[in-house]
Visitor: 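Right, I'll just put the structure down here and ask away after.
Just so it is clear, the values below take in all heavy atoms, side chains as well, and ignore hydrogens, waters and symmetry mates.
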Amino acid sequence: MFALLRRFACASITYSKKPCLARCYASFTPRDVLRETSDEAGTLLSRFAKHIAIERYKCEEHVLPPTEIRYSDYFPITDERYFRRSVEKTPASQLPALIIHASSYRPNAAAPMYAMALNTLDAHAAAMLKQMDTTTMLETLYAFLFLMPNWLKRTDFYHAAMRRLAEEAPSSKQRFMQICFYLGLQKQQQQNDLETLLATQLGEHLASLSPLDLALISNAAYKTSTLVTGAVREAYEAALLNAILNLKFGPDNDADDALLICYIKALRLQRVQDERICQHLQGICLEPAQLLKLQPRGLAHIFAYFAEMQWDQAECMHALVERLLQFKPSELRAKDLATFLWSCAQLNCPLTTAQLRQLEVIALRKLDQGEYDYFADQLVDTCLSLCIMGHHSKVLFDAAEELKALQRQRQRAQPKVDSRLTVLRSAVAIEQPSWTDVKREQVFKELTRAPGYLLKQRDDLTAYAKQLAADADVEGVDLVCPIAGINLPSLRVQTLGEQSCIYYIELLTPQQTLRFSRTATSLLRLKRRLLESLGQRVVLLHSGDMASNAQALHQLLEQTTVAKNEADQAVHGVNN
């Protein structure tokens with residue numbers, strides 16, 4: 001439902017034949033008509049719309065009465081009241097044809113008159129919904145989609161029809177596909193209607209779905225953040241994996257890249273991790289002709305899937321970075337830029353100083369153009385990712401603080417974004433203290449105990465703490481989270497003797513270790529860097545390289561320090 005200000009600014013439309021007229025506020029204004037320029041040509045929505053247009057005629061139940069109305073009975077509009085009365089007399093079965101006729105009227109209509117026609121059709125369709133059977137309702141939805149691809153969700157009829165469709169069980173695969181498509185357009189659902197539909201009906205039709213059918217369903221699930229649950233989940237995820245592995249690029253199937261990205265997004269939503277997919281995507285990324293086919297948002301999703309799999313294959317990362325940096329700033333959405341930077345940070349991509357500066361300039365340009373005004377979370381993610389890669393931007397940091405403060409006043413709480421902002425503030429307070437009023441003492445508290453929920457699945461950490469505590473040269477071992485916002489538990493080990501000192505031990509799990517380089521993931525690397533900036537001794541260990549006593553721990557620290565200095569010198573040489 002649109003904002004009340006939009007509706008109060010429009011004329012009310014009569015849609016009832018009763019003496020006591022019911023009234024509703026209009027869905028569209030002349031300004032909407034004047035500003036609308038996209039006809040959705042060539043987009044994925046257009047492709048899906050054409051697909052369900054074909055599918056609906058395969059349904060045996062989809063039988064419509066012949067068209068009995070004529071274009072000249074309604075258009076062109078010379079008198080608004082006469083047009084409204086004519087629409088009110090139109091039976092429900094003839095509404096789809098009337099809405100299609102309105103598309104011919106649009107090119108020659110004045111904006112106020114066309115907005116009035118849209119509002120009248122919408123109001124009458126909503127009023128006649130109870131008299132429509134399912135076939136007529138779906139046909140009316142498609143007619144509105146044909147007339148206004150970008151505007152369907154603005155209509156009162158769409159929202160009323162969705163409430164009714166959510167209560168109906170589809171009787172055929174074609175009808176199931178149509179309902180999934182329309183429910184998938186509704187990003188903010190009052191109830192998780194699509195989740196219920198997929199959990200109960202998808203299993204019956206999954207075996208007969210074509211690649212385009214599966215892409216339509218997976219796209220609807222992704223757009224509405226709907227997880228496929230229940231008994232069908234395993235079969236659905238297997239179908240996605242097979243669809244990706246069987247999808248071939250070539251000169252005769254240029255559109256397959258769109259289906260590939262639909263499947264990848266669905267896998268990310270379902271949290272399905274499979275090395276075969278990484279190998280398949282790696283083959284695409286290492287083939288220049290295939291890589292050039294992918295759009296920025298598609299490349300961002302592929303890069304993010306690699307990041308979630310800790311797949312840091314050097315040649316593949318280099319190809320993705322080089323390709324993404326070739327796009328113009330206007331071709332990269334703020335969301336794609338944030339995803340790209342997060343993936344680079346997660347996989348420890350060796351970006352040069354010039355490349356980092358180029359990415360910062362892109363973000364600054366988007367900031368000036370207002371692309372972050374309503375998406376402070378994307379700006380926070382961008383700043384944090386740059387920070388993890390060792391690149392700070394005061395302008396971006398100040399803007400993130402300001403935008404997040406404004407967003408907090410007008411929107412619901414976003415605990416995940418607030419948590420990432422806390423990490424960013426901690427990093428800035430330690431590495432750029434002049435930028436903020438937050439003191440180092442506020443973000444570094446070496447004896448802050450790790451909360452219990454962080455230790456539930458870290459039996460390795462607690463067992464190692466007991467092992468070290470048994471050493472005679474160890475005074476004490478504590479499980480701590482010393483950096484504010486970084487909720488990764490560490491071991492704080494205090495030793496005795498001539499080399500008495502304090503160590504922070506990070507015990508890497510497989511989920512925190514990159515596949516090929518065997519280095520830590522982004523947040524753990526940032527934590528280590530911040531602790532070392534504070535003058536603390538930090539040792540990163542894998543489960544097979546654990547030190548059993550204080551002396552071995554000290555030797556590991558010396559080895560780690562030498563290796564780190566050599567790596568820093570190598571990186572410095574590359575940047576120069």
Side-chain angles (χ1 to χ4, degrees), residues 27-28 32-59 62 96-97 99-107 114 118 121-122 125 137-155 157-159 161-162 165 173-187 194 209-224 226 243 247 249-266 292-301 330-331 333 335-336:
S27 298
F28 306 102
D32 295 324
V33 177
L34 291 172
R35 289 186 175 181
E36 177 61 28
T37 57
S38 173
D39 59 359
E40 293 291 344
T43 65
L44 195 59
L45 174 63
S46 177
R47 188 175 181 185
F48 288 153
K50 293 175 182 177
H51 181 60
I52 66 165
I54 296 172
E55 288 292 304
R56 75 188 197 275
Y57 285 112
K58 296 180 182 178
C59 180
H62 193 89
I99 296 169
I100 295 296
H101 281 323
S103 64
S104 300
Y105 173 65
R106 180 179 183 179
Y114 189 68
L118 292 179
L121 292 171
D122 178 27
M137 180 172 56
L138 290 172
E139 192 70 15
T140 305
L141 281 169
Y142 185 80
F144 274 123
L145 182 67
F146 177 84
L147 180 63
M148 49 182 97
N150 291 336
W151 297 348
L152 176 62
K153 293 181 294 182
R154 298 186 181 186
T155 61
F157 174 77
Y158 169 79
H159 294 283
M162 289 305 99
L165 282 177
K173 189 203 87 168
Q174 292 79 15
R175 188 151 288 180
F176 169 72
M177 294 298 303
Q178 292 180 72
I179 296 176
C180 285
F181 172 75
Y182 290 117
L183 285 175
L185 300 176
Q186 192 174 2
K187 292 186 179 181
L194 184 58
L209 296 181
S210 67
L212 189 56
D213 291 334
L214 185 61
L216 187 152
I217 291 173
S218 60
N219 184 72
Y222 178 81
K223 292 295 185 182
T224 56
T226 301
L247 197 59
F249 278 64
D252 299 328
N253 52 358
D254 291 337
D256 282 349
D257 61 320
L259 301 189
L260 173 67
I261 301 308
C262 284
Y263 302 146
I264 294 297
K265 291 190 294 186
L292 288 173
K293 288 184 178 182
L294 298 172
Q295 298 298 315
R297 66 184 64 186
L299 288 171
H301 278 290
S330 58
E331 296 176 310
R333 301 178 304 168
K335 184 177 181 180
D336 298 331

Visitor: Just wondering, do Ile217 and Met177 contact through their side chains at under 4.5 Å, heavy atoms?
Guide: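 With C-beta onward as the side chain, the pair touches.
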
Visitor: When Leu183 is tested against each of Gln178, Met162, Lys223 for side-chain contact (heavy atoms from CB on, under 4.5 Å), which residue passes?
Guide: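 Output: one option passes, namely Met162.
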
Visitor: To the nearest 0.5 Å, what is the distance between CG (Leu165) and CG (Leu138)?
Guide: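 Reported to 0.5 Å precision, the distance equals 5.5 Å.
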
Visitor: Partners of Phe176 by ring-ring contact (aromatic ring centres under 6.0 Å, His included), sequence neighbours excluded?
Guide: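 Only His205 meet the ring-ring contact (aromatic ring centres under 6.0 Å, His included) criterion with Phe176.
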
Visitor: On a heavy-atom basis, which atom in Tyr263 and which in Leu212 lie closest, and how many Å separate them?
Guide: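 Smallest interatomic distance, heavy atoms only, reads OH-N, 4.4 Å.
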
Visitor: With sequence neighbours left out, write down each residue that passes side-chain contact (heavy atoms from CB on, under 4.5 Å) with Ala220, or none if nothing qualifies.
Guide: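 Leu194.
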
Visitor: Working to the nearest 0.5 Å, report the span between CZ of Phe181 and CG of Leu216.
Guide: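 Spacing of CZ (Phe181) from CG (Leu216) equals 6.5 Å.
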
Visitor: For Arg297, check salt bridge (Lys or Arg N to Asp or Glu O under 4.0 Å) against everything at least two apart and list the hits.
Guide: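 Once residues adjacent in sequence are excluded, Arg297 has no partner under the salt bridge (Lys or Arg N to Asp or Glu O under 4.0 Å) criterion.
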
Visitor: Kindly compute the distance separating CD1 (Ile52) from CZ (Arg175), expressed to the nearest 0.5 Å.
Guide: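 If we round to the nearest 0.5 Å, Ile52:CD1 and Arg175:CZ are 12.5 Å apart.
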
Visitor: Just so I know, are the side chains of Thr155 and Leu121 near enough to count as touching, which here means a heavy-atom distance under 4.5 Å?
Guide: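 In short, these two side chains do not touch, never coming nearer than 4.5 Å.
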
Visitor: Using 0.5 Å steps for rounding, measure from the CD1 atom of Ile261 to the CG atom of Asn219.
Guide: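 Going from CD1 on Ile261 over to CG on Asn219, the span is 11.5 Å.
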
Visitor: Mind checking what makes side-chain hydrogen bond (donor to acceptor under 3.5 Å, both in side chains) contact with His51, not counting sequence neighbours?
Guide: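 With sequence neighbours excluded, His51 shows a side-chain hydrogen bond (donor to acceptor under 3.5 Å, both in side chains) to Asp213, given in chain and number order.
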
Visitor: Working to the nearest 0.5 Å, report the span between NZ of Lys153 and OH of Tyr182.
Guide: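 Separation between the atoms: 14.0 Å.
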
Visitor: Suppose we screen for ring-ring contact (aromatic ring centres under 6.0 Å, His included). Which residues come up paired with Phe157, at least two apart in sequence or across chains?
Guide: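 If we apply the ring-ring contact (aromatic ring centres under 6.0 Å, His included) test to Phe157, skipping adjacent residues, the hits are Phe144.
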
Visitor: For Lys293 and Asp257, which heavy atoms make the closest approach, and how far apart are they?
Guide: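 Looks like O-OD2, 3.2 Å.
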
Visitor: Only counting residues at least two apart or in another chain, list the ones meeting ring-ring contact (aromatic ring centres under 6.0 Å, His included) with Tyr158.
Guide: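 Tyr158: no ring-ring contact (aromatic ring centres under 6.0 Å, His included) contacts found.
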
Visitor: Which class fits the ring pair His301 and Tyr222: parallel under 30°, tilted 30 to 60°, perpendicular over 60°?
Guide: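 It falls in the perpendicular class, over 60°.
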
Visitor: In Å and rounded to the nearest 0.5 Å, what is the OG1 to CG distance from Thr140 to Leu145?
Guide: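 Reported to 0.5 Å precision, the distance equals 12.5 Å.
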
Visitor: My understanding is that only residues two or more places apart in sequence, or in another chain, count here; which of them pass ring-ring contact (aromatic ring centres under 6.0 Å, His included) with Tyr142?
Guide: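 With neighbours one apart ignored, the set is empty.
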
Visitor: Around atom OH of Tyr105, are there more than 12 heavy atoms from other residues, nucleotides or ligands closer than 6.0 Å?
Guide: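 Yes.
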
